[in-house]
Amino acid sequence: MERRGVLRLSAVAGTTGALTLGHVSFADAAPAGGRSGGEPGEPGEQTRQVTGHLPTGSPDFVYLPVEVPRGVREIAVAYRYDKPTVPEGTAGNACDIGIFDERGTGLGGAGFRGWSGGARTEFFLRADEATPGYLPGPVNPGTWHIALGPYTVAPQGLSYDVTITLKYGPQGHTPAPVHPPERARGRGRAWYRGDNHLHSVHSDGKRTPAEIAALARAAGLDFINTSEHNTTSAHRAWDGLWGDDLLILTGEEVTTRNGHVVAMGTDPEVFIDWRYRARDNAFGKYARAIRRAGGLVIPAHPHATCIGCNWKFGLNEADAVEVWNGPYTPDDEVTLAEWDNTLVAHVQGRADWLPAVGHSDAHRDPDVVGLPQTVVLADDLSRRALQDGIRAGRVWIAESSKVGLAFSVAGERGEHAGIGERLAVSRTGRVTARLTVSGTPGCTVSFVTDQGRLYSTALPPSGAGTVSWQTTPDYAAYIRAEVRHPSTTPGLPGPMAAMTNPVFLGRRG
């Protein structure tokens, strides 16, 4: 049986735009036997198909209400859409999908049951199991909503086909979720290496959690953060994969149409909504929701060129910013320069400073887990201690665990400050910046200040050495260190091998 969707505009408070189609109804009772042609005793099931067409300029979210009767044990959804040829430089069709249960589609996620974006063409969920990206749980009667996200629509429009199958029978048992602990053994106060931006099969990645955990250990990481696009389904997928040597934090990559944000270390199962744009003036509300859930707000790849990736929410609500995402590119160079400008605003007393972090954003082979990695000075290997270290800026970034680094600035009377700290000396007092680095053959060390790159020197062929430079707070309001490979792009410095957050100079005020 086919039911053609009838478009009906529906206002959804707080969203940039939403459209609700005509309801899809099933019989009020389960069929007596299997579907037509089924064997006796086979669980009963019913299928409905919805087709429709969305024009260019459609709202961000299109909801297909499905009336689910009693007695359903599983809901399965498959969809497809056309991909017509478009002129060069014109976006073609791309349509995401997810589902909300009988609790509704309201912002905040009470009814959220899963999202796979454009990574899958079908999914199912029931009490005891669900497709990765979706949350297992009972299929209660009521109005469910399949959510379509027409990310881009071709000039010809987007024709879609959605097939919904309800399978009847006793509800299964939903197992209690098992979540990673918030603390691992660690080494006391020490520098810990981590990667807070990773994707598995629970969103658009191709690796399983077990594969990611193995790659994290091989990369010499102490901690990782699970950050699937717009879903928390992976929070319960790491049972048996953590250990004394690897802390696994739970989070989310909140993937809006105006930028992505890594919610690092949120409480397990806490869903953060993504259905808003910068013009909705809603980001502050959801940034606060991330913090209430115990997480950090970290804008991801702010100048990435993918559609919807460019960050447009500003940095006022951020706790840190991802200046290095995956292999170092010109996009990262732009982000780094923009971040450096915020340091000047801090020196002027106009803003708090945002620490810089770096993550791999690894999805699949050949993406390298731990390229780059954030190295945090923390009191122990725990969620809170790592977050405290990041907030304080006690962070440097490396392309791999082969890179070792120590950076500090000292005054004439023995004063000393490390990464993320302030060296309180007079404006004319001479200070010495010192960087010790290893594991970076063929690289050049630079010291960067509010005036730019003021000193550079090549490392020995071994890639190990100590470099010193003297200045005064009058001449440099802060100093940070960069270690770079030779340039590969004319007019740009070489790719980053390692970098530090700054040491600020001079007494406040």
Side-chain angles (χ1 to χ4, degrees), residues 1-32 35-36 43-55 57-82 95-117 120-127 130-131 134-135 137-151 153 157-169 171 273 275:
M1 175 180 178
E2 179 177 298
R3 176 184 175 88
R4 187 168 298 276
V6 179
L7 300 183
R8 184 174 71 243
L9 189 63
S10 174
V12 178
T15 63
T16 293
L19 193 67
T20 300
L21 307 177
H23 285 230
V24 178
S25 297
F26 287 79
D28 290 335
R35 61 182 177 182
S36 178
E45 61 182 61
Q46 293 178 302
T47 296
R48 298 288 187 269
Q49 185 179 22
V50 177
T51 63
H53 184 82
L54 299 174
S58 292
D60 288 347
F61 302 101
V62 176
Y63 296 106
L64 174 60
V66 179
E67 300 299 334
V68 177
R70 297 185 183 278
V72 174
R73 68 181 295 269
E74 178 180 308
I75 181 168
V77 177
Y79 85 120
R80 61 186 178 182
Y81 56 90
D82 65 335
C95 187
D96 296 342
I97 196 166
I99 195 167
F100 291 78
D101 66 19
E102 81 285 352
R103 292 170 292 180
T105 61
L107 287 174
F112 176 77
R113 290 295 294 271
W115 183 257
S116 50
R120 301 182 186 277
T121 59
E122 57 186 42
F123 63 86
F124 77 91
L125 51 87
R126 58 177 184 257
T131 300
Y134 295 81
L135 306 180
V139 182
N140 293 323
T143 303
W144 289 52
H145 289 82
I146 296 168
L148 298 177
Y151 216 75
V153 179
L158 185 152
S159 295
Y160 61 87
D161 181 318
V162 181
T163 301
I164 308 107
T165 300
L166 301 186
K167 298 182 180 181
Y168 294 84
Q171 294 274 2
D273 217 312
R275 293 171 291 163

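FYI, the numbering just counts along the sequence from 1.
- Within the 4.5 Å cutoff, the side chain of V72 has no heavy atoms near those of the F26 side chain.
- Put simply, the side chain of R73 never gets that close to the backbone of R126: no donor and acceptor are under 3.5 Å apart.
- Looking at every heavy atom in both residues, P69 comes nearest to Y168 through CG-OH, 3.4 Å.
- The nearest pair of heavy atoms linking G111 to R103 is CA-CB, 3.8 Å.
- When side chains are defined from C-beta on, V24 does not count as touching I146, because their heavy atoms never get closer than 4.5 Å.
- In this structure, P65 and T143 approach most closely via the heavy-atom pair CB-CG2, 3.9 Å.
- D96 meets the side chain to side chain donor-acceptor pair (under 3.5 Å) test with no other residue; sequence neighbours excluded.
- Here the CG atom belonging to L148 is positioned 7.5 Å from the OH atom belonging to Y79, to the nearest 0.5 angstrom.
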Test L21 against V62 for side chain to side chain contact (heavy atoms under 4.5 Å, CB included), laying out the working first. CA-CA 7 Å; L21 307 177; V62 176; 3.8 Å; yes
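- Nearest heavy atom pair, residue R70 against residue P141, reads NH1-CG, 3.7 Å.
- Residues that satisfy the side-chain contact (heavy atoms from CB on, under 4.5 Å) test with T163, not counting sequence neighbours, are T47, Q49, D161, T165.
- To the nearest 0.5 Å, the span separating CH2 on W115 from CD1 on I99 amounts to 11.5 Å.
- The distance from atom CD of E74 to atom CD of Q171, rounded to the nearest 0.5 Å, is 10.5 Å.
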Check the pair F112, L135 against side chain to side chain contact (heavy atoms under 4.5 Å, CB included), reporting the backbone distance first and the verdict last. CA-CA 8 Å; F112 176 77; L135 306 180; 4.2 Å; yes
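- The closest side-chain heavy-atom distance from L19 to S58 is not below 4.5 Å.
- Put simply, the side chain of L166 does not reach to within 4.5 Å of the side chain of V139, judged on heavy atoms.
- Side chain of R275 to main chain of T105: a donor-acceptor pair is present (N/O by atom type, distance under 3.5 Å, no hydrogens or angles).
- At least one side-chain heavy atom of I75 sits under 4.5 Å from a side-chain heavy atom of L125.
- Applying the side-chain contact (heavy atoms from CB on, under 4.5 Å) rule to D82 yields the partners P84, N93, L158, S159; only residues at least two apart in sequence or on another chain are considered.
- Taking the six-membered ring for Trp and thresholds of 30 and 60 degrees, Y63 and F61 have nearly parallel ring planes, at less than 30 degrees apart.
- Residues meeting the ring-ring contact (aromatic ring centres under 6.0 Å, His included) test with Y134, sequence neighbours left out: F123.
- Applying the salt bridge (Lys or Arg N to Asp or Glu O under 4.0 Å) rule to E67 yields no partners; only residues at least two apart in sequence or on another chain are considered.
- Counting all heavy atoms, side chain and backbone alike, P59 lies closest to P150 at O-CG, 3.3 Å.
- Annotation: salt bridge (Lys or Arg N to Asp or Glu O under 4.0 Å) contacts involving residues 105-116, sequence neighbours excluded, comprise D101-R113.
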